[in-house]
Amino acid sequence: MTSDNGPRSAVVRAFNERFGGPPALVARAPGRVNLIGEHTDYNDGFVLPMAIDRAVWIALRPRSDSRVVLLSLDFDEEHGFDLAHLASSGTQWIDYVQAVAWVLQKRNRDLPGWEGVAAGDVPIGAGLSSSAALELAAARAFAALGGMPWEAREMALAAQRAENEWIGVQCGIMDQMISASGEAGHALLIDCRSLETRSVPVPTEAAVVILDTSTRRGLVDSAYNDRRAHCETAAEVLGVRALRDVDLATFEARADELEPLIRRRARHVITENERTLKAAAALERGDAEEMGRLMNASHASLRDDFEVSRRELDVMVEVAQAHSACHGARMTGAGFGGCAVALVRRAAAADFARVVADAYTQQTGLTPRIYVCSATAGASVETAAASAEPAAV
Ligand code: GLA
């Protein structure tokens with residue numbers, strides 16, 4: 001159904017080998033790249049991500065008992081748990097599946113057991129939401145077998161709760177929402193307060209290019225939580241429920257009430273919300289130039305006001321912006337490492353990737369990974385026979 005035949009075929013083949021018969025279903029959920037609207041989701045603000053053509057796949061079939069058994073091809077490990085006795089195993093990948101089961105069980109006590117094989121091609125730890133992809137693929141699996149209707153928004157909230165309360169990561173709603181409800185060819189403007197979405201076409205003459213710096217974020221949880229706390233302080237001082245409720249004019253009039261660090265954090269969020277709404281409008285007009293300018297401004301704000309960039313991300317963004325085919329570029333995701341994203345004239349995307357990779361390596365000594373990606377649909381499930389896979393021999 002997508003160009004992602006690699007992991008899909010692999011999980012079906014491996015399922016036959018491991019479980020001695022074909023799977024009943026294949027669930028899939030994509031990773032994401034955020035075009036603009038960074039660190040705004042937990043401020044009840046706006047984000048503009050798209051689901052990418054890289055995903056987590058799970059081939060599975062129901063069991064007659066209450067166990068879930070899952071072989072991960074990426075980790076080369078098999079883990080299991082009993083739905084009647086959920087217990088955190090620490091920070092293993094299987095915990096994301098248990099966490100989702102834990103939340104869904106609160107609504108449907110009779111979640112069935114299943115056995116499956118998982119694999120994916122969302123780079124892990126790169127800021128492309130491989131965890132949300134695993135959560136939503138697991139949610140689709142449980143929902144399909146448990147006869148639960150697929151309500152993307154509800155499932156995204158369930159997965160976010162799983163991550164907040166079971167895994168202990170205080171993420172916002174963006175990653176789970178886009179993995180649950182992405183739309184092919186489109187980015188999604190998400191109002192993170194109402195969870196209303198508007199799909200916005202990605203101009204066909206522009207390519208979205210992910211630039212992985214090959215750096216990974218360390219100690220991110222504390223830095224992420226610090227940023228959340230700064231934003232809450234700013235909202236409290238300004239007397240609003242969340243920074244979403246402050247417009248630029250009000251902020252400028254009252255900026256003196258905030259101490260300098262809190263003022264910078266708030267300025268990022270407030271200006272980023274405005275940029276995100278303008279970006280959605282620009283994409284709707286097919287105005288890639290304006291979209292690019294907004295992305296560049298977003299990066300500067302994340303670097304200088306929110307202070308979540310790092311040297312390698314700045315270098316990547318600078319070398320990308322210097323290419324004549326680049327409309328704009330910025331760091332994407334939580335920051336401190338991982339990926340940048342660029343909007344590039346499609347006809348020149350291959351040259352862009354080559355030139356940027358060379359320049360980045362020259363300045364940092366690191367080898368980047370570069371993906372030209374397209375916007376795909378959110379989490380899906382299909383019968384395994386939908387694309388008949390040869391049985392393993
Ligand atoms: C991480 C979180 C998201 C969001 C981004 C920053 O990806 O999981 O909820 O806060 O960081 O925009």
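Nothing fancy with the numbering, it's 1 onward along the sequence. Order of listing sets the numbers, starting from 1, for every ligand and every atom in it.
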Item to check | Pairing of Arg193 and Asp44 as salt bridge, 4.0 angstrom limit | outcome: yes

Side chain or backbone, does Tyr42 bring an N or O within less than 3.5 Å of an N or O on ligand 1?
no

Do any nitrogen or oxygen atoms of Gly172 lie less than 3.5 angstrom from nitrogen or oxygen atoms of ligand 1?
yes

When Asn16, Thr383, Leu60, Val117 are each screened for side-chain contact (heavy atoms from CB on, under 4.5 Å) with Pro23, the one that passes is Asn16

Worksheet entry | Residue pair Arg265 / His230, side-chain donor-acceptor N/O under 3.5 Å | yes

So the atoms of ligand 1 within less than 4.0 Å of a heavy atom of Arg32 turn out to be 7 (O)

Counting from 1 in the order shown, the ligand 1 atoms closer than 4.0 Å to a non-hydrogen atom of Met174 are 4 (C), 5 (C), 12 (O)

| Does one side chain, of Trp102 or Glu165, offer a donor that lies under 3.5 Å from an acceptor on the other? | no

- With only distance considered, is Thr40 within less than 3.5 Å of ligand 1 through an N or O on each side? no

Ring centroid separation for Tyr224 and His39, is it under 6.0 angstrom?
-> yes

Closest to atom 8 (O) of ligand 1 among protein heavy atoms sits Asp175 OD2, 2.7 Å

Ion pair present between Arg310 and Glu312, side-chain N to carboxylate O less than 4.0 angstrom? yes

Min heavy-atom dist Gln160 to ligand 1 below 4.0 Å: no

Review point. Do Ile190 and Val208 share a hydrophobic cluster (ILVMFWY, side-chain heavy atoms under 4.5 Å, transitive)?
Key: no

ask   = Judging by distance only, is a nitrogen or oxygen of Asp41 under 3.5 angstrom from one on ligand 1?
value = yes

One finds that the ligand 1 atoms under 4.0 Å from a non-hydrogen atom of Ala334 are 1 (C), 11 (O)

Residue, atom and distance of the protein heavy atom nearest atom 10 (O) of ligand 1 read Tyr224 OH, 2.6 Å

